[in-house]
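Below, each value reflects all heavy atoms present in this structure, side chains not excepted, and no hydrogens, waters or symmetry copies. All residue numbers in this chain count up from 1 along the given sequence.
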Amino acid sequence: MGKFEELRDKAEKFEIKKSWQYLAYIAVVLPGILFLLAYLLRGSGTGVMLARMFHTYNLYVSSPVPNLAPFNGTGVVGLAALVYLVVWAVRRKDWLDLGITLALGAVNAAYFLLEWNYTILRLLNLTGGVF
């Protein structure tokens with residue numbers, strides 16, 4: 001069996017079973033892929049579309065910090081997902097999973113509260129103009 005077959009077998013056996021794995025996928029992996037693609041294609045129309053998609057995904061899905069002042073829905077899905085994953089870890093009585101989920105949720109909340117998302121957004125071309 002070659003290396004490729006071994007790698008494919010490992011990939012087929014990989015399963016997401018923990019709350020923190022779902023949270024990492026929602027808050028790190030998907031936005032990371034969108035950011036990377038938008039950064040690599042930032043000089044084209046596709047890059048602008050991906051940059052806007054990255055920004056919108058971060059505001060509405062990934063962010064666990066809801067904006068309730070002029071309620072526009074930002075952060076509600078992220079907060080609901082975080083609460084669901086925490087409750088799921090508690091119901092399973094998986095305390096290590098709960099701790100990692102809470103830590104990852106706190107880092108994600110700090111990312112949005114300290115507005116680091118806007119800091120890295122400057123690297124992308126949101127307007128489609130010359131950068």
Between [atom1] of [X] and [atom2] of [Y], what distance do you get to the nearest 0.5 Å?
X     : Y      : atom1 : atom2 : value
Leu37 : Met49  : CG    : CE    : 9.5 Å
Leu96 : Ile100 : CG    : CD1   : 4.0 Å
Leu50 : Ile33  : CG    : CD1   : 11.5 Å
Thr74 : Tyr60  : OG1   : OH    : 6.0 Å
Leu30 : Phe54  : CG    : CZ    : 11.5 Å
Leu82 : Leu102 : CG    : CG    : 7.0 Å

Same apolar cluster: [X] and [Y], side chain cutoff 4.5 Å:
X      : Y      : value
Val28  : Leu36  : no
Ile120 : Leu113 : yes
Val29  : Leu34  : yes
Leu121 : Val61  : yes
Trp116 : Leu79  : no

Please give me the minimum heavy-atom distance between [X] and [Y], naming the atom from each residue.
X     : Y      : value
Ala38 : Ala51  : CB-N, 3.5 Å
Ala24 : Leu104 : N-CD2, 3.6 Å
Ser62 : Ala27  : OG-CA, 3.5 Å
Trp88 : Ser19  : CE3-OG, 3.1 Å

Which of these passes side-chain contact (heavy atoms from CB on, under 4.5 Å) with Val90: Asp97, Leu85, Leu98, Thr101?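 Testing each of Asp97, Leu85, Leu98, Thr101 against Val90, the sole residue satisfying side-chain contact (heavy atoms from CB on, under 4.5 Å) is Leu98.
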Assert yes or no for the condition that the ring centre distance of His55 to Tyr118 is strictly below 6.0 Å. yes
In terms of heavy-atom contacts, does OH of Tyr39 have more than 12 from other residues, nucleotides or ligands at under 6.0 Å? no
Does anything in residues 93-112 pair up under ring-ring contact (aromatic ring centres under 6.0 Å, His included), and if so which pairs, sequence neighbours excluded?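 Sorted pair list comes back empty.
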Under the salt bridge (charged side-chain N to carboxylate O under 4.0 Å, His left out) rule, collect the residues that match up with Asp94, sequence neighbours excluded. Lys18, Arg92
